[in-house]
Trainee: 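If you scroll down you'll find the structure; I have some questions about it.
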Amino acid sequence: MSAVSDRLPAFPWDKLEPYKKTAAAHPDGIVDLSVGTPVDPVPEHIQKALIAAADSPGYPTVWGTPELRDALTRWVEHRLGAREVTHRHVLPVVGSKELVAWLPTQLGLGPGDQVAFPRLAYPTYEVGARLARAEHVAYDDPTELDPSRLKLLWLNSPSNPTGRVLPEEELTRIVAWAREHGVLVLSDECYIELGWEADPVSVLHPDVNGGSYDGVVAVHSLSKRSNLAGYRAAFLAGDPAVLGPLLEIRKHGGMMTPAPTQAAVVAALGDDEHVRVQRERYAARRTALRDALLAHGFRIEHSEASLYLWATRDESCWDTVAHLADRGILVAPGDFYGPAGDRFVRVALTATDERVRAAVARLTA
């Protein structure tokens with residue numbers, strides 16, 4: 001057991017605990033903007049779908065019900081502009097973090113293989129490489145990497161933590177380069193519904209992939225768009241030559257999305273109105289927090305999409321974390337996402353309206 005855990009970095013969030021205690025001591029309580037976990041209610045029609053499927057005594061299937069696969073294919077075509085998507089092009093997974101952490105292992109990667117991800121990135125990309133004993137490499141432009149041992153290339157648009165959106169022409173260029181060199185592209189698009197100053201494009205769009213899904217897979221989640229983080233609901237879409245073997249591996253591993261969650265996903269993907277309502281909530285919180293941070297002397301970079309503001313006071317990120325903790329506000333230090341973030345903090349929009357108002361008052365006092 002220790003041999004596996006020894007491959008992993010120290011869990012970064014433990015370092016934030018002293019600052020959380022400081023923020024919690026504020027007379028008006030903590031405003032926790034550190035973790036992007038939804039705080040708003042699960043839409044009622046999704047709850048009802050979950051409840052209606054509660055009597056599910058048998059094992060669910062890894063591939064999901066036909067109704068679920070129908071919902072996934074319809075949504076990928078309707079929302080992402082993909083074409084000719086069949087059941088072979090989709091695969092439900094038990095939350096996107098599980099997928100990211102175990103995908104290199106399930107792909108059979110190991111020593112000598114490389115997994116690449118953005119210079120500023122979700123830490124689990126590196127964790128996945130480490131679990132598989134593969135090498136990991138961070139990039140600014142993936143087409144500048146040596147492709148000779150590169151097996152898996154992670155894209156993330158909109159980005160966590162920066163909120164940066166990759167333009168269509170950049171995605172097209174990267175996909176073409178990866179195909180030329182036989183590199184599998186995994187595009188983490190979990191925040192694609194949350195574009196503010198840019199309209200994110202999927203690698204599944206024919207303008208990006210030329211109408212072919214060869215070597216391209218997208219990762220999508222219902223955690224943010226539908227407030228379903230507690231349901232563990234996500235899916236893959238793309239190359240059947242990749243998803244088919246993954247399906248067989250996951251059958252052997254028993255990686256099954258619970259049947260009530262599958263029913264909830266069908267309900268969630270069949271309705272756009274609750275997504276519009278949730279977007280409006282986040283847009284209002286984003287405007288309030290952005291204005292307050294700017295008034296407090298912060299500079300904000302990227303942040304044109306996703307659930308975060310990427311902010312700096314041009315000092316050590318930990319000095320900024322301490323500064324805000326003294327005001328009862330907890331944020332995530334930028335170096336959690338790579339050394340290049342050591343002068344930034346990530347400010348999440350996932351707090352209630354009341355707590356956002358409290359943060360604004362403290363920043364503008």
Trainee: Does either side chain, that of His205 or that of Ser202, offer a donor lying less than 3.5 Å from an acceptor on the other one?
Mentor: no

Trainee: Any chance the side chains of Gln278 and Ser226 put a donor and an acceptor closer than 3.5 Å?
Mentor: no

Trainee: Answer yes or no: are there more than 12 heavy-atom neighbours, outside Arg281 itself, under 6.0 Å from its atom CZ?
Mentor: yes

Trainee: Would you find more than 12 non-hydrogen atoms of other residues, nucleotides or ligands less than 6.0 Å from Arg119 atom CZ?
Mentor: yes

Trainee: Kindly state each residue pair satisfying ring-ring contact (aromatic ring centres under 6.0 Å, His included) with at least one member in residues 20-47, sequence neighbours excluded.
Mentor: His45-His274

Trainee: How about Thr162 and Tyr308: do any of their side-chain heavy atoms sit closer than 4.5 Å?
Mentor: no

Trainee: Got a salt bridge between Arg276 and Glu280, using NZ or NE/NH1/NH2 to carboxylate O under 4.0 Å?
Mentor: yes

Trainee: Say whether Val115 and Tyr337 are linked into one hydrophobic cluster, either directly or through other cluster members, by side-chain heavy-atom distances under 4.5 angstrom.
Mentor: no

Trainee: Would you call Glu169 and Arg173 a salt bridge, taking side-chain N to carboxylate O under 4.0 Å as the test?
Mentor: no

Trainee: Hey, quick one: are Leu109 and Val93 part of the same hydrophobic cluster, counting side-chain heavy atoms closer than 4.5 Å, chains of contacts allowed?
Mentor: yes

Trainee: For Glu197, does the CD atom have more than 12 heavy-atom neighbours from other residues, nucleotides or ligands under 6.0 Å away?
Mentor: yes

Trainee: Tell me whether Val183 shares a hydrophobic cluster with Val137, the cluster being built from Ile, Leu, Val, Met, Phe, Trp, Tyr side chains joined at under 4.5 Å.
Mentor: yes

Trainee: Which word best sums up how the rings of His296 and His323 line up, parallel for under 30°, tilted for 30 to 60°, or perpendicular for over 60°?
Mentor: tilted

Trainee: Mind listing the closest non-hydrogen atom pair of Val217 and Asp239 along with its distance?
Mentor: CG2-N, 4.0 Å

Trainee: Answer yes if Leu68 and Leu91 sit in the same cluster of Ile, Leu, Val, Met, Phe, Trp and Tyr residues linked by side chain heavy atoms under 4.5 Å apart, and no otherwise.
Mentor: no

Trainee: State which residue, out of Leu309, Leu307, Asn160, fulfils the side-chain contact (heavy atoms from CB on, under 4.5 Å) condition with Arg346.
Mentor: Asn160

Trainee: Between Arg327 and Asp28, does any NZ, NE, NH1 or NH2 come within less than 4.0 Å of an OD or OE carboxylate oxygen?
Mentor: no

Trainee: Between Tyr19 and Trp318, is the ring centre distance below 6.0 Å?
Mentor: yes

Trainee: CZ of Arg313: more than 12 outside heavy atoms within 6.0 angstrom?
Mentor: yes

Trainee: Relative to each other, are the rings of Trp13 and Phe336 parallel, tilted or perpendicular (30° and 60° limits)?
Mentor: perpendicular

Trainee: Can you confirm whether more than 12 heavy atoms, excluding those of Trp63, are under 6.0 Å from its CH2 atom?
Mentor: yes

Trainee: Could you verify whether a donor N or O on one side chain and an acceptor N or O on the other, from Asn209 and Arg179, lie under 3.5 Å apart?
Mentor: no

Trainee: Using a 4.5 Å cut-off on heavy atoms from C-beta on, say whether the side chain of Tyr231 contacts that of Val42.
Mentor: yes

Trainee: Give a yes or no on whether a salt bridge exists between Arg164 and Glu170, defined as a side-chain N under 4.0 angstrom from a carboxylate O.
Mentor: yes

Trainee: Between Arg343 and Glu301, is there a salt bridge with N-O shorter than 4.0 Å?
Mentor: no

Trainee: Salt bridge (charged side-chain N to carboxylate O under 4.0 Å, His left out) for Glu248 and Lys251? Distances and angles first, verdict last.
Mentor: CA-CA 5 Å; Glu248 295 307 313; Lys251 284 179 181 177; 3.3 Å; yes

